[in-house]
There are 2 protein chains.
Amino acid sequence: MLSKSTEYAIRALVFIQLRNWEQKRPGVGEVAREIEAPEAYTAKILQTLAKHKLMDSAKGRGGGFFFGENQSSLTLYDVIHVMEGDACFHKCGFGLKSCNDHNPCPLHDKYVVVRDGFFEIAKTETISALSDSIRRGDAVLNRIV
Amino acid sequence: MLSKSTEYAIRALVFIQLRNWEQKRPGVGEVAREIEAPEAYTAKILQTLAKHKLMDSAKGRGGGFFFGENQSSLTLYDVIHVMEGDACFHKCGFGLKSCNDHNPCPLHDKYVVVRDGFFEIAKTETISALSDSIRRGDAVLNRIV
DNA sequence: TTATAAAAGGATATAAATATCTTTTTATAA
DNA sequence: TTATAAAAAGATATTTATATCCTTTTATAA
Ligand code: FES
Ligand code: FES
């Protein structure tokens with residue numbers, strides 16, 4: 001499972017993408033409301049994402065968050081990596097100090113399949129692809145209730 | 001990813017099973033040493049497992065931990081359920097308040113495959129099967145280095 | 001040029017997970 | 001019956017994740 005912070009980050013980026021497509025640059029308040037996260041905490045997360053150049057920000061009046069040219073194909077992996085590192089893609093599912101094909105734990109063979117499946121999703125799915133499925137109405141960003 | 005506590009629990013149970021097969025009932029100290037976990041913390045975890053009847057314990061001289069008759073086919077799911085609940089099998093991977101087939105988040109279709117894959121492992125793998133793969137020499141309980 | 005709106009930065013606070021320590025209960029061996 | 005070994009129970013401590021608050025910097029509009 002991803003950390004709450006990572007989930008907030010992913011949903012925030014998707015929302016920013018959706019608004020950007022409408023020629024808007026949402027601010028912290030709007031993002032926090034939309035992803036149903038505490039505002040001050042959302043601010044910290046957006047700050048982290050901007051610092052790592054996953055998206056861009058503009059200070060001052062009329063400012064907000066947005067994607068620049070070279071930030072269009074951001075993958076889930078990129079976001080996870082910045083927010084919580086990539087232990088989840090490498091760790092032994094049985095809790096050993098490392099995962100090793102040639103000296104496996106008893107879960108290794110089966111666990112690796114699942115772990116790699118998640119890695120594949122993370123490397124393949126992009127913020128803009130997720131956003132697009134919402135724009136098309138095939139998926140939702142939040143629950144009504 | 002499972003919590004550290006859950007990992008300790010699984011490894012502890014596997015070790016207890018291995019020792020039981022040698023007609024031994026290990027105590028907290030022996031278990032903690034083997035799974036490389038802090039002793040007092042291991043004690044708490046074993047206490048939780050015993051309280052939930054996942055294995056049995058005997059107090060006093062010559063006491064220790066062991067599996068009773070009806071505790072032989074303990075699944076990983078049982079252990080995870082007791083240690084951290086089963087959110088990981090139900091939660092929305094995108095962080096929505098619930099996961100819903102008919103009102104999916106943009107990750108749903110792909111995420112559910114991975115999540116269900118893990119659920120399948122958890123429901124299928126048993127402590128005794130994992131232990132047996134170690135006894136046979138096909139897998140390890142800990143890393144030399 | 002000043003007032004205002006916005007993000008950045010820094011300092012704290014709270015909650016949850018991980019870890020330790022001490023006392024109590026229980027069983028057994030001497 | 002007493003001393004000892006072991007788990008159970010309870011209290012406390014530490015660390016990490018989550019969350020809040022206050023101040024500073026920056027850009028823009030009036
Ligand atoms: S060694 Fe445990 S998952 Fe690879
Ligand atoms: S709705 Fe998100 S994983 Fe099912």
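Each chain gets a letter, A, B and so on, in the order the sequences are listed, and its residues count up from 1. No experiment lies behind these values; they were computed from the predicted model shown.
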Original post:
DNA chain D in dot-bracket, Watson-Crick or G-U pairs under 3.5 Å, [ ] crossing, | other strand?
Top reply: ||||||||||||||||||||||||||||||
Original post:
Between K44(A) and S3(B), which is nearer to the 5' end of DNA chain C once each is assigned its nearest nucleotide?
Top reply: K44(A)
Subject >> Nearest-nucleotide comparison on DNA chain C, the residue closer to the 5′ end among Q47(A) and G63(A) >> reply: G63(A)
Original post:
Taking atom types as modelled, is there a side-chain donor on Q17(B) or S128(B) under 3.5 Å from an acceptor on the other?
Top reply: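 No, because no side-chain N or O of Q17(B) sits under 3.5 Å from a partner of the opposite role on S128(B).
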Original post:
Could you state the CG-C1' distance from L2(A) to dT18(D), rounded to the nearest angstrom?
Top reply: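 Atom CG in L2(A) sits about 16 Å away from atom C1' in dT18(D).
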Original post:
Taking CD from E7(A) and C1' from dT18(D), how many angstroms apart are they, rounded to a whole number?
Top reply: 13 Å
Subject >> Pair E7(B) + K91(A), salt bridge at N-O below 4.0 Å >> reply: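 A salt bridge is present here (some side-chain N lies under 4.0 Å from a carboxylate O).
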Original post:
In terms of side-chain heavy atoms of A50(B), which of dA8(D), dA8(C), dA19(C) is nearest?
Top reply: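 Between dA8(D), dA8(C), dA19(C), the one nearest the side chain of A50(B) would be dA8(D).
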Subject >> Spatial distance of atom CE (M1(A)) from atom CZ (F118(B)) [nearest 0.5 Å] >> reply: 9.5 Å
Subject >> Touch class at under 4.0 angstrom, heavy-atom based, for A43(B) against every strand present >> reply: nothing
Original post:
Is the F119(A) ring parallel, tilted or perpendicular to the F89(A) ring (thresholds 30°, 60°)?
Top reply: perpendicular
Subject >> First encountered from the 5' end of DNA chain D, between K59(A) and T6(A) >> reply: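 Result: T6(A).
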**OP:** Hey, which sits more toward the 5' end of DNA chain D by its nearest nucleotide, P26(B) or P38(A)?
**Re:** P26(B)
Subject >> Under 3.5 Å donor-acceptor, R115(B) side chain and K110(B) backbone >> reply: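 It does not hold such a pair.
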